[in-house]
Amino acid sequence: MNDLRTAGQDAARLAADHLAAVPDAAVWRPVPQPDRDWLTGQSLPAAGRPLAELVDDVRARVLPYPMGNGHPRFFGWVNSAPNPAGVLVAPLAAALNPSCAGGDHAGPLLERTVVRWLADLLGYPHRPGGGLLTSGASVATIACLAAARQAAARAARWDVREDGLSGHPPMVLYLSAEGHSCLRKAAELLGLGARQLRMVPVDAGYRLDPGALRSLIAQDVAAGLNPFCVAASAGTVSTGAVDPLDEIADVAAEHGLWFHVDGAYGGLGVLADDASPDYAGMARADSLVLDPHKWLGVPVDCGCALVRDPVSLRDAFSLVPAYLRDDHARNDSDDFGWYSEYGPEQTRPFRALPAWATISHLGRQGITALVNETTGLARALADMVEEADDFELLAPVTTSITAFRYLPTGTDRTGTGQDLDDVNRALPAAVQRRGRVFLTGTRLGPTEALRACFLNPATGIGDLTVLLDEIRLAAAGLGTA
Ligand SMILES: Cc1ncc(COP(=O)(O)O)c(C=O)c1O
């Protein structure tokens, strides 16, 4: 144990030094061949190695090659810097090393508070059992859509857990053309079939069009199919758009559909002082997904599935073999059972501890300030883009994502040509290679776009100028300035 004490103190210093040095280091850099070989090709050690040596290896070979998401100028995908409170307690969760499948110990008990807090932040109704932490939004989505599938089949007197879907009228899922790919993955995995997915067209703001949703449902009903669920987005991954949730909830209610909301990235945007009115209706969802490892900055991994009716998840997942019977007499007034009855995982890590620490450290005020500051950065970038001759804004800014494109000098602004798409497709990698900014791209309809996602409280307004300049320099390097 003395070994752990000494090496652990070194590791703690190393983590703190690493985080302090991040802003002055390259955002990202390619791994040189010798270290790449070490990372991928080590042989299995025959004899065990001392703890101190392992810390040295991490110092020399691992920490120098981050993904980049701790850096204030990382604007890629939806990956945040880790909140220090989460970093602080992660080793303590590992020291305890519980399985949060269930049982009577701190892990599952604390998870109940964290899930309730998350629902509270989103203004979503919550009862015990009305949600659980998952590895991320992808698994949370599987859990929610499994609950939706189970509820719909049960209403049609079909036992999907016993009989599967074979012979059942095709169950149709509606999602926006801008919906996240995890929805399709979940649908495929749940045996719904991608053919039964309807991509509902979006409006000019990349929001799901409720009128088009109505028409598609009518067509499917006329064809004898079985519409069962509509999945809307509270913050799409490409532009941060929020679908008109209240109107979609109305359509779902009219047709008896399960109303699911993907708020993995943007759910927290509801806290902004000037949050889009389109968030109204989020609390009407039957299920709602949020990723604390995105905007909140809880260290990966931490997703969350919330459901209006706790029975719906338990009904879809509960299986309690004899060896897992709960032997403790409880004082809890509710019949909660185990978390493993609410989702697909059995052994579950202590995700609640870093999430609890992060939320406690920030408080509601800190979280609201983070959301306001980062949405403010996205708007400020949009203004700069609109003022520049060589950039074009491609979508309204609703949350903390700015979608835009670069227009090489002399380009026709109305141009949709292949050249423009080629440049913007090539730019993210070129920008990343320069090491000062990390940017990723997307496709909006037929158009190649750049997108910058702001999640980091350490990002400042000056970083936006660096971002635009780096794009220009990268374009010059590609020979297209
Ligand atoms: C809107 C949205 N939904 C779902 C996901 C999937 O989340 P995860 O990667 O945590 O599974 C993402 C990831 O970026 C996302 O942005």
Side-chain angles (χ1 to χ4, degrees), residues 67-69 74-82 86 118 122 131-146 173 175-190 197 199 202 206-208 230-243 245 248 260-270 276 278-279 282 285 287-306 343-345 348-349 351 354-355 358 371 374 378 395 398-403 428 438-444 449 451-456:
M67 176 181 170
N69 49 321
F74 180 94
F75 308 122
W77 305 298
V78 194
N79 297 102
S80 48
L118 291 169
L122 297 184
L132 80 170
L133 300 181
T134 61
S135 60
S138 299
V139 171
T141 301
I142 291 167
C144 291
L145 294 191
L173 169 66
L175 63 144
S176 134
E178 290 291 312
H180 193 271
S181 50
C182 73
L183 288 159
R184 176 176 169 145
K185 267 196 195 173
E188 289 177 7
L189 206 61
L190 291 167
L197 285 188
M199 299 300 200
V202 291
Y206 297 98
R207 305 173 322 149
L208 183 149
V230 54
S233 303
T236 58
V237 71
S238 284
T239 70
V242 177
D243 292 332
L245 299 178
I248 298 169
H260 173 78
V261 174
D262 177 1
Y265 149 62
L268 280 182
V270 72
S276 160
D278 287 331
Y279 278 105
M282 188 161 78
S287 55
L288 172 58
V289 159
L290 166 74
D291 252 346
H293 67 206
K294 290 191 161 65
W295 219 339
L296 253 181
V298 174
V300 172
D301 65 9
C302 191
C304 182
L306 297 169
E345 290 176 296
R348 305 170 66 246
R351 296 186 179 108
T358 302
V371 169
T374 44
T398 313
T399 47
S400 71
I401 294 176
T402 314
F438 197 106
L439 183 72
T440 53
T442 190
R443 211 171 166 92
L444 296 174
R451 62 181 278 296
C453 178
F454 299 94
L455 305 169
N456 191 332

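Whatever order the structure lists them in is the order used to number ligands and atoms, beginning at 1. FYI, side chains are in, hydrogens and waters are out, and symmetry mates aren't considered; it's all heavy atoms of this structure.
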*Yes or no on side-chain hydrogen bond (donor to acceptor under 3.5 Å, both in side chains) for Thr374 and Ser400, after CA distance, side-chain angles and deciding distance?*
CA-CA 6 Å; Thr374 44; Ser400 71; 4.7 Å; no
*Region of Cys182 engaging ligand 1 - heavy atom pairs below 4.0 Å*: side chain
*Proximity flag Gly303 to ligand 1, non-hydrogen atoms under 4.0 Å*: no
*Within-4.5 Å side-chain heavy-atom neighbours: Leu444 and Glu178*: yes
*If you measure from each non-hydrogen atom of Ala137 to ligand 1, which part falls under 4.0 Å: side chain, backbone, both or neither?*
both
_Atom indices of ligand 1, in the order listed, that fall short of 4.0 Å to a heavy atom of Ala264_ = 2 (C), 3 (N), 4 (C)
*Spacing of CD1 belonging to Ile142 relative to SG belonging to Cys182, to within rounding of 0.5 Å*: 8.0 Å
*How long is the gap from CG on Leu245 to OG on Ser276, to the nearest 0.5 Å?*
8.0 Å
_Can you give me the closest heavy-atom contact between Phe74 and Met67, atom names plus distance?_
CE1-O, 3.8 Å
*Closest non-hydrogen protein atom to atom 3 (N) of ligand 1, residue and atom name please, with distance?*
Asp262 OD2, 2.7 Å
*Short N/O distance, under 3.5 Å, between Thr236 and ligand 1?*
no
*Considering only heavy atoms, which of Ile401, Val139, Leu183, Asp291 lies nearest to atom 10 (O) of ligand 1?*
Asp291
*Under 3.5 Å, is there a donor-acceptor pair between the side chain of Arg207 and the main chain of Ala241?*
no
*asked:* Considering non-hydrogen atoms of the protein only, which is the closest contact for atom 15 (C) of ligand 1, and what is the distance?
replied: His180 CD2, 3.3 Å
*Give yes if a backbone or side-chain nitrogen or oxygen of Ser138 is under 3.5 Å from a nitrogen or oxygen of ligand 1, and no if not.*
yes
*Does an N or O from Val237, backbone or side chain, lie closer than 3.5 Å to an N or O of ligand 1?*
no
*Can you say whether the rings of Trp295 and Tyr265 are parallel (under 30°), tilted (30 to 60°) or perpendicular (over 60°)?*
parallel
*Tell me: protein heavy atom nearest atom 7 (O) of ligand 1, and distance?*
Lys294 NZ, 3.0 Å
*If you count the atoms of ligand 1 from 1 in the order shown, which ones are under 4.0 Å from a heavy atom of Gly235?*
1 (C)
*Which atoms of ligand 1 sit under 4.0 Å from any heavy atom of His293?*
10 (O)
*Determine yes or no for a side-chain-to-main-chain donor-acceptor pair under 3.5 angstrom, with Ser176 supplying the side chain and Ala232 the backbone.*
no
_Using a 4.0 Å cutoff against the non-hydrogen atoms of Gly136, which atoms of ligand 1 qualify?_
10 (O), 11 (O)
*OG1-CZ distance between Thr399 and Phe454, expressed to the nearest 0.5 angstrom*: 11.0 Å
